[in-house]
Amino acid sequence: MSDVNKNLCEENHFRDFYTKNLQAASNFAFYKCGDSAEALDLVQDAFAKIWENCSKIDFDKVRTYLFTSVNNLFLNTVKHKKVVLNYTKDVPNLDRNNQSPDYILEEEEFRIRLEKAIASLTVAQREVFLMNRIDGKKYREIAELLSISQKAVEKRMSGALKILKSKIENIQSF
């Protein structure tokens, strides 16, 4: 059956769509936010939104709708975090000390610093870096997916690598 004749509201078609797109959507969300739990929440919310609006969405455009939904949900989360951050700045006596244990294995410390370094990248840099390093996508493919030039991908990757190198070089050896 061609996609044109598929109805997204039929459970088996929705399940097929979900199964085929869950990993790609999860990766996309992770590249945006840098947190696997938050990424899963974004993706599940996007799929729920698609299910709720299944009769209004053209099956041929549902994949685009999924990624657009994930991106919009991410942007809404960022806006919410800014509001929370502004509130915490205004409220005195909050414990902002989030220290890790003093005695931690070197490997665990490296993993934590790497995650923090990746999280410190801009969304654009993190997205390009993870698409290249995790998904193994070439710069040309990334440029097509993000609708930007290959030169822009190269610039983002270069910036990401500089930041990561500077942050990871500061790791002390035991």
Side-chain angles (χ1 to χ4, degrees), residues 1-86 111 114-165 167:
M1 176 185 290
S2 74
D3 285 350
V4 175
N5 297 328
K6 285 188 177 180
N7 181 349
L8 196 56
C9 294
E10 292 179 27
E11 194 172 334
N12 59 332
H13 292 293
F14 183 83
R15 189 179 319 112
D16 288 345
F17 170 74
Y18 178 86
T19 304
K20 288 178 184 172
N21 292 284
L22 178 62
Q23 188 63 54
S26 297
N27 288 350
F28 179 73
F30 179 74
Y31 301 160
K32 288 285 186 187
C33 66
D35 178 270
S36 57
E38 184 179 342
L40 183 60
D41 288 343
L42 293 171
V43 170
Q44 293 304 327
D45 289 348
F47 276 114
K49 186 176 178 183
I50 290 171
W51 179 250
E52 290 167 6
N53 297 296
C54 64
S55 62
K56 302 174 190 169
I57 302 170
D58 181 353
F59 196 88
D60 291 334
K61 298 177 182 169
V62 69
R63 184 169 159 79
T64 302
Y65 186 91
L66 170 65
F67 285 89
T68 301
S69 295
V70 168
N71 190 52
N72 290 341
L73 289 165
F74 166 72
L75 293 174
N76 290 341
T77 303
V78 169
K79 287 178 191 172
H80 175 72
K81 285 180 180 177
K82 285 181 181 177
V83 169
V84 171
L85 182 62
N86 286 335
R111 185 189 61 76
L114 179 60
E115 285 178 4
K116 285 181 181 178
I118 291 172
S120 75
L121 298 174
T122 67
V123 172
Q125 291 171 332
R126 182 173 49 244
E127 193 173 41
V128 167
F129 177 78
L130 294 173
M131 286 176 124
N132 177 259
R133 298 300 164 104
I134 302 297
D135 286 347
K137 295 196 180 306
K138 306 239 182 279
Y139 289 179
R140 177 185 44 77
E141 294 173 297
I142 297 169
E144 288 173 15
L145 284 169
L146 299 178
S147 301
I148 59 175
S149 70
Q150 187 170 329
K151 203 69 163 160
V153 172
E154 292 168 5
K155 184 175 180 180
R156 290 177 184 184
M157 183 61 127
S158 174
L161 292 173
K162 284 179 186 172
I163 290 170
L164 292 175
K165 184 178 178 186
K167 292 194 181 268

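In this text, all values refer to a predicted model and were calculated from it rather than measured experimentally. Just the heavy atoms: all of them, side chains too, but no hydrogens, waters or symmetry mates, feed the values below.
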Only counting residues at least two apart or in another chain, list the ones meeting side chain to side chain donor-acceptor pair (under 3.5 Å) with [X].
X: E141; answer: none
X: T122; answer: Q125
X: N27; answer: Q23, D135
X: R133; answer: none

Subject >> Minimum heavy-atom distance between A24 and R63, given as atom pair plus value >> reply: CB-NH1, 4.2 Å
**OP:** Name all pairs fulfilling the salt bridge (Lys or Arg N to Asp or Glu O under 4.0 Å) condition that reach into residues 47-56, sequence neighbours left out, sorted by first residue then second.
**Re:** none
**OP:** Keeping to residues at least two apart or across chains, list the salt bridge (Lys or Arg N to Asp or Glu O under 4.0 Å) pairs with something in residues 142-151.
**Re:** R140-E144, K151-E154
**OP:** Evaluate the criterion side-chain contact (heavy atoms from CB on, under 4.5 Å) for residue pair I142 and M157; output intermediate values, then yes/no.
**Re:** CA-CA 11 Å; I142 297 169; M157 183 61 127; over 6 Å; no
Please report the interatomic distance [atom1]([X]) to [atom2]([Y]), rounded to the nearest 0.5 Å.
X: N7; Y: H13; atom1: CG; atom2: NE2; value: 7.0 Å
X: S120; Y: L164; atom1: OG; atom2: CG; value: 7.0 Å
X: L8; Y: D16; atom1: CG; atom2: CG; value: 10.5 Å
X: I50; Y: C9; atom1: CD1; atom2: SG; value: 11.5 Å

Under 3.5 Å donor-acceptor pairs involving side-chain atoms of residues 64-74, not counting sequence neighbours:
{"unit_1": "T68", "atom_1": "OG1", "unit_2": "T64", "atom_2": "O", "d": "2.9"}
{"unit_1": "S69", "atom_1": "OG", "unit_2": "Y65", "atom_2": "O", "d": "2.8"}
{"unit_1": "N71", "atom_1": "OD1", "unit_2": "K32", "atom_2": "NZ", "d": "3.1"}
{"unit_1": "N72", "atom_1": "ND2", "unit_2": "T68", "atom_2": "O", "d": "3.4"}

**OP:** Determine, stepwise, if the pair R156 / L146 fulfils side-chain contact (heavy atoms from CB on, under 4.5 Å).
**Re:** CA-CA 12 Å; R156 290 177 184 184; L146 299 178; 4.0 Å; yes
Subject >> Partner residues of L145 under the side chain to side chain contact (heavy atoms under 4.5 Å, CB included) criterion, sequence neighbours left out >> reply: M131, K137
**OP:** Using the test side chain to side chain contact (heavy atoms under 4.5 Å, CB included), find all partners of F30 that sit at least two apart in sequence or belong to another chain.
**Re:** S36, A39, L130
**OP:** Start with the C-alpha distance between V153 and N132, add both sets of side-chain angles, then the distance that settles side-chain contact (heavy atoms from CB on, under 4.5 Å), and finish with yes or no.
**Re:** CA-CA 10 Å; V153 172; N132 177 259; over 6 Å; no
Original post:
F14: what forms a ring pair (Phe, Tyr, Trp, His ring centres under 6.0 Å) with it, not counting sequence neighbours?
Top reply: W51
Original post:
Is there side-chain contact between F28 and E127, with heavy atoms separated by less than 4.5 Å?
Top reply: yes
Original post:
So do the side chains of F47 and L22 get within less than 4.5 Å of each other, counting heavy atoms only?
Top reply: yes
